[in-house]
Number of protein chains: 2
Amino acid sequence: MIKCHLSRLLGERKLKISDVTRDTGINRGTLTRLYHETAERVELDVLDALCTYLNCGLPDLLEYQKSEQASPPPTP
Amino acid sequence: MIKCHLSRLLGERKLKISDVTRDTGINRGTLTRLYHETAERVELDVLDALCTYLNCGLPDLLEYQKSEQASPPPTP
DNA sequence: AAAAAATGATCTTCAAAAGATCAAAAAGGG
DNA sequence: CCCTTTTTGATCTTTTGAAGATCATTTTTT
């Protein structure tokens, strides 16, 4: 799955969603969805703007987490 | 800007877009847009599926390139 | 050379981001 | 503490681009 770390990044920087909206022009609804990880798509422009604004790389914002192989049933 | 390295990844692996479509179920149009870097949005599911299929991390697929600061005019 | 597969281009359909608005909750100032 | 302002959550409509399908062209395979 793809994890979004916007909430962590904002927390670390003590920034509010409203700050980001004001400073970047990114739609507040979009930010809210990313913040709460309910977004299903992302505009590449948004990723770009966020990385620039937060001065971080993509991997800081979006992380691919390899899904575990379903573990075989334990032998009793 | 956000760069997509799908074409490089497929090239390295000698895979065709049709292979990826067949194996992952991702829409061919979507892959074509990513391949030619004309996509403006991405479905997070697609990123997930591509990373899994190509066995790579997000940074391998998508890269944030910091835009240069406009260079000051050279002193003559 | 013919057949099959892959790609490019384009059209319609559909889902989610953008945009706007309202109510509720937090934060600040007196 | 009360009142004002700001921030956030929720929801509705509009807009945008991916999904899906199809046709034409190019490339590959036999």
Side-chain angles (χ1 to χ4, degrees), chain A residues 1-70, chain B residues 1-70:
Chain A
M1 73 172 301
I2 303 289
K3 278 231 61 172
C4 179
H5 297 300
L6 182 60
S7 58
R8 177 209 292 170
L9 289 166
L10 293 196
E12 287 172 352
R13 289 160 169 74
K14 300 180 180 56
L15 288 169
K16 300 179 214 168
I17 289 180
S18 54
D19 294 322
V20 185
T21 303
R22 172 173 24 78
D23 296 340
T24 65
I26 298 172
N27 182 275
R28 185 166 68 87
T30 302
L31 289 171
T32 301
R33 280 186 289 274
L34 288 172
Y35 189 94
H36 294 292
E37 303 192 70
T38 53
E40 314 208 334
R41 298 176 186 172
V42 208
E43 210 91 10
L44 295 189
D45 284 351
V46 167
L47 295 181
D48 194 3
L50 282 176
C51 287
T52 301
Y53 178 65
L54 296 170
N55 194 41
C56 69
L58 249 197
D60 298 317
L61 187 60
L62 250 39
E63 186 193 0
Y64 164 64
Q65 294 185 339
K66 217 188 285 192
S67 63
E68 349 260 308
Q69 222 39 27
Chain B
M1 72 174 302
I2 302 289
K3 277 231 59 171
C4 178
H5 297 300
L6 183 60
S7 59
R8 175 209 292 170
L9 288 166
L10 293 197
E12 287 172 351
R13 290 162 170 74
K14 300 180 179 55
L15 289 168
K16 299 179 215 166
I17 289 181
S18 55
D19 293 322
V20 186
T21 303
R22 174 174 22 79
D23 297 340
T24 64
I26 298 172
N27 183 273
R28 184 166 68 86
T30 302
L31 289 172
T32 302
R33 280 185 289 272
L34 287 173
Y35 189 94
H36 293 291
E37 304 192 68
T38 53
E40 314 209 331
R41 297 177 184 172
V42 208
E43 208 92 10
L44 295 188
D45 284 352
V46 167
L47 295 181
D48 194 5
L50 281 177
C51 287
T52 302
Y53 178 66
L54 297 170
N55 193 40
C56 69
L58 249 197
D60 298 316
L61 187 59
L62 249 40
E63 186 194 0
Y64 164 65
Q65 293 184 340
K66 218 190 282 192
S67 62
E68 349 261 305
Q69 224 36 31

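Since we're looking at a predicted model, the values are computed, not measured. The sequence lines fix the lettering, A, B, ..., with proteins before strands; numbering per chain opens at 1.
Judged by closest nucleotide on DNA chain C, B/S18 is the one of A/K16 and B/S18 placed further toward the 5' end.
By the 4.5 Å heavy-atom criterion applied to side chains, B/M1 and A/D48 are counted as neighbours. Using a 4.5 Å heavy-atom cutoff, the side chains of B/I2 and A/L58 are in contact. For the pair A/L62/A/K3, no side-chain contact is recorded, criterion being any heavy-atom separation below 4.5 Å from C-beta on. Counting heavy atoms from C-beta on, the side chains of B/L50 and B/V20 come closer than 4.5 Å.
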Open item on the list: Does B/T32 form a side chain to side chain contact (heavy atoms under 4.5 Å, CB included) with B/H36? I'd like the steps, not just the answer.
Closed with: CA-CA 6 Å; B/T32 302; B/H36 293 291; 3.6 Å; yes

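Computed from coordinates, the B/D45 CG to C/dC14 P distance equals 19 Å when rounded to whole Å. Atom P of nucleotide C/dT7 and atom CG of B/L31 are separated by 10 Å, given to the nearest angstrom. A straight line from CD of B/E43 to C1' of D/dG17 spans 10 Å, rounded to a whole angstrom. Rounded to a whole Å, the CD1 atom of B/I26 is 13 Å from the P atom of D/dA18. The distance from atom NZ of B/K14 to atom P of C/dA6 is 18 Å, rounded to the nearest whole Å. Rounding to whole angstrom units, CG of residue A/D19 and P of D/dT5 are separated by 19 Å.
To the nearest 0.5 Å, atom OG of residue A/S7 and atom CG of residue A/L34 are 10.0 Å apart.
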Every protein N/O within reach of nucleotides 8-10 of chain C N/O, cut-off under 3.5 Å:
| unit_1 | atom_1 | unit_2 | atom_2 | d |
| --- | --- | --- | --- | --- |
| C/dG8 | OP1 | B/H36 | NE2 | 3.4 |
| C/dG8 | OP2 | B/H36 | NE2 | 3.2 |
| C/dG8 | N7 | B/R28 | NH1 | 3.1 |
| C/dG8 | O6 | B/R28 | NH2 | 2.9 |

Strictly under 3.5 Å: I want the nitrogen or oxygen pairs between protein and nucleotides 23-25 of chain C, one per line.
none

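Using a 4.0 Å heavy-atom distance criterion, B/V46 is classed as a sugar-phosphate-only contact.
Not counting sequence neighbours, A/E40 has no partner by the side chain to side chain donor-acceptor pair (under 3.5 Å) test.
B/D19 places a side-chain N or O within donor-acceptor distance of the main-chain N or O of B/K16, the cut-off being under 3.5 Å.
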